[in-house]
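All values below were derived from every heavy atom in this structure, side-chain atoms included, with hydrogens, water molecules and symmetry-related copies excluded. Just follow the structure's listing: the first ligand is 1, and inside any ligand the first atom is 1.
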Amino acid sequence: MPDTPTTPALLDAFHALLGPAGVLTGADMAPHLTDWRGLYRGRALAVLRPASTEQVAELVRLCAAAGVAMVPQGGNTSMVAGATPDESGGQVVISTARLNRIRDIDPIDMTMVCEAGVILKHAQDAAREAGCLFPLSLGAEGSCTLGGVLSTNAGGNTTVRYGNARELMLGLEAVLPDGSVWHGLRRLRKDNTGYALRHLLVGAEGTLGIITAAALRLFPLPREEAVALCAVADEEAALALFRRFRARDEGVVRAFEYISGAAMDLVLDHVPGAVLPLAARAGHYVLVDLASSRPGAGLRGLLESVLEEALAEGEVIDAALAESEAQRAAIWRLREEQPEGQRRAGASVKNDVSVPLSRVPEMIRRCRAALTALIPGSRPVPFGHIGDGNIHMNLAQPPDMDPAAFLARSEEIMACVNAVVRDLGGSFSAEHGIGRIKTGMMEDWRGGAELAAMRAIKRALDPLGLMNPGKVLP
Ligand code: FAD
Ligand code: MLT
Ligand code: ZN
């Protein structure tokens, strides 16, 4: 059993190890104790800010000896409250904010080694300065960290072309729950040497250890880009358009995103400066983003010719092609502000689901009907990564309903969507993970041998159950 020192002695030990900048207590902890969606308000003994792998390891050893649970936290943008401590006040948050060095960029190997607290946007910028592309891209990229995106196996807008975080990772350095450091920062494309521990930690949401650094894959920078926002006839037309581009040149589709008319309306109505570059609002939109590292790839011509075909078939109703970097950014902003538009419009319930690509239109339509029958006046606001079969089948509250009363029905709303998704062979969490919000679904969806194996792995690596308890596993 761990030998539990008194809290003041433990806090003294944290201070001695990290210095004053490394330990937050009292009101200074506030931003670290709530989740991005504002659904939970936790408490903590302290927020600890180690500045090196050695300090993380020593902290983990101190906590393990004291029996204190640890909650790893990067940018705290989790959509499932994965980085929020519980209400007991007995946990510590281990923030990676000061693990923020880019250790190495190698344009020949096309690899980059970064510490876990490096902000995703900073990693993208550093890669670009070295003449390379780090392609992971999502709305939270200005504040989420590499440790966070790896721990949630984040997807985002470019998964359709480059894969999700897992596919961009070659090796990891991590502190395991007993405080030992695993030096796995190998930068190899091929390395079959036993169990792939690195892949266990990716997507583990901080329940198996703390990632302190990662070796990541880089790609050639695009030399040509072409972006358009299209109004499309319906969900089938959105999918048909994706298939047209894929058939013509799969390799150039960097992003293919769907936005329902209702979701776009929330952004246009609530986010200052959001402007639709089309003649009229529509029921469905698609954002097409093409990119190629090949000079003279002719992407503009490809975009125009595929859209002309789709216009002739009645799939596309109208389209705006970006003529400048400013227009490209303005189109992307309409997509990136989707979570913010929904946040400003009142309470909403998120359903981050995936189904086989061919079933996406049916999924959206069935969920929309089921949700409005469940809560009359509520507004289904689906949008997301249709090219990956991953739609955020979110539901905004009826305008005249009390937000708390609406949120009190979250479980029912998620169950309503999940019933359709299960029927279509999908997943209840495509990219946001399980965190705290979805642990209750694990038994039903992953029970039996799969959950038993996960529990056995957790017990083997974290026998004291101190790494982010209450997350992922029910
Ligand atoms: P946090 O929120 O701090 O933590 C997330 C989880 O990882 C927690 O369980 C935490 O304990 C754990 N963790 C964090 N750092 C470490 C570490 N170093 N070692 C071990 N565990 C760690 N996600 C997508 O997949 N696709 C999207 O398109 C997308 N868009 C988003 C848009 C917005 C506006 C927002 C707010 C979020 C979005 N997300 C998206 C959610 C997504 O999960 C996060 O943005 C990102 O992956 C989390 O990074 P973070 O640094 O904020 O991690
Ligand atoms: C996004 O893709 O913008 C986020 O993952 C989705 C959300 O807010 O539901
Ligand atoms: Zn998403």
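Of the charged side-chain nitrogens involved, at least one lies within less than 4.0 Å of a carboxylate oxygen, so that Arg335 and Glu257 count as a salt-bridged pair.
Summary: NE2 is the N/O/S atom of His392 found nearest to the Zn ion (ligand 3). Between the Zn ion (ligand 3) and the N, O or S atoms of Glu431, the shortest distance is to OE2.
Residue contact check: Gly209 has heavy atoms under 4.0 Å from atoms 20 (C) of ligand 1. Taking a cut-off of under 4.0 Å to the non-hydrogen atoms of Ile210, the atoms of ligand 1 that pass are 19 (N), 20 (C). Taking a cut-off of under 4.0 Å to the non-hydrogen atoms of Gly206, the atoms of ligand 1 that pass are 20 (C), 21 (N). Atoms of ligand 1 found under 4.0 Å from any heavy atom of Asn468, numbered from 1 in the order shown, are 9 (O), 11 (O). Within the listing of ligand 1, atoms 28 (O) sit less than 4.0 angstrom from a heavy atom of His385. Residue contact check: Ala116 has heavy atoms under 4.0 Å from atoms 18 (N) of ligand 1. The Thr96 neighbourhood of ligand 1 comprises atoms 18 (N), with distances under 4.0 Å to a heavy atom of that residue. In summary, the atoms of ligand 1 found under 4.0 Å from a heavy atom of Gln73, numbered by their order in the structure, are 3 (O).
Nearest protein heavy-atom neighbour of atom 1 (P) of ligand 1: Asn76 N, 3.6 Å. At the top of the distance list for atom 9 (O) of ligand 2, counting protein heavy atoms only, stands Asn394 ND2, 3.2 Å. Given atom 3 (O) of ligand 2, the protein heavy atom at minimum distance is Arg335 NH1, 3.1 Å. Nearest non-hydrogen protein atom to atom 50 (P) of ligand 1 is Gly75 N, 3.4 Å. Nearest to atom 7 (C) of ligand 2 among the protein's heavy atoms is Lys350 NZ, 3.5 Å. Among protein heavy atoms, atom 5 (C) of ligand 1 sits closest to Thr152 CG2, 3.7 Å. Scanning all protein heavy atoms for the shortest distance to atom 53 (O) of ligand 1 gives Gly148 CA, 3.4 Å. Counting protein heavy atoms only, atom 49 (O) of ligand 1 is closest to Cys144 CB, 3.3 Å. Here the protein heavy atom with the shortest distance to atom 5 (O) of ligand 2 is His432 NE2, 2.6 Å. Protein heavy atom at the shortest distance from atom 44 (C) of ligand 1 is Thr77 OG1, 3.1 Å.
Counting heavy atoms of neighbouring residues, nucleotides and ligands inside a 6.0 Å radius, atom CZ of Arg243 does not exceed 12 of them. Within a 6.0 Å sphere centred on CZ of Arg41, heavy atoms belonging to other residues, nucleotides or ligands number 12 at most.
The option from His392, Met393, Gln342 that lies nearest to atom 4 (C) of ligand 2, judged by heavy atoms, is His392. Of the listed residues (Gly433, Ser429, Gly155, Ser151), the one carrying the non-hydrogen atom nearest atom 21 (N) of ligand 1 is Ser151.
With a 4.0 Å heavy-atom cut-off, ligand 2 is reached by no atom of Gln338.
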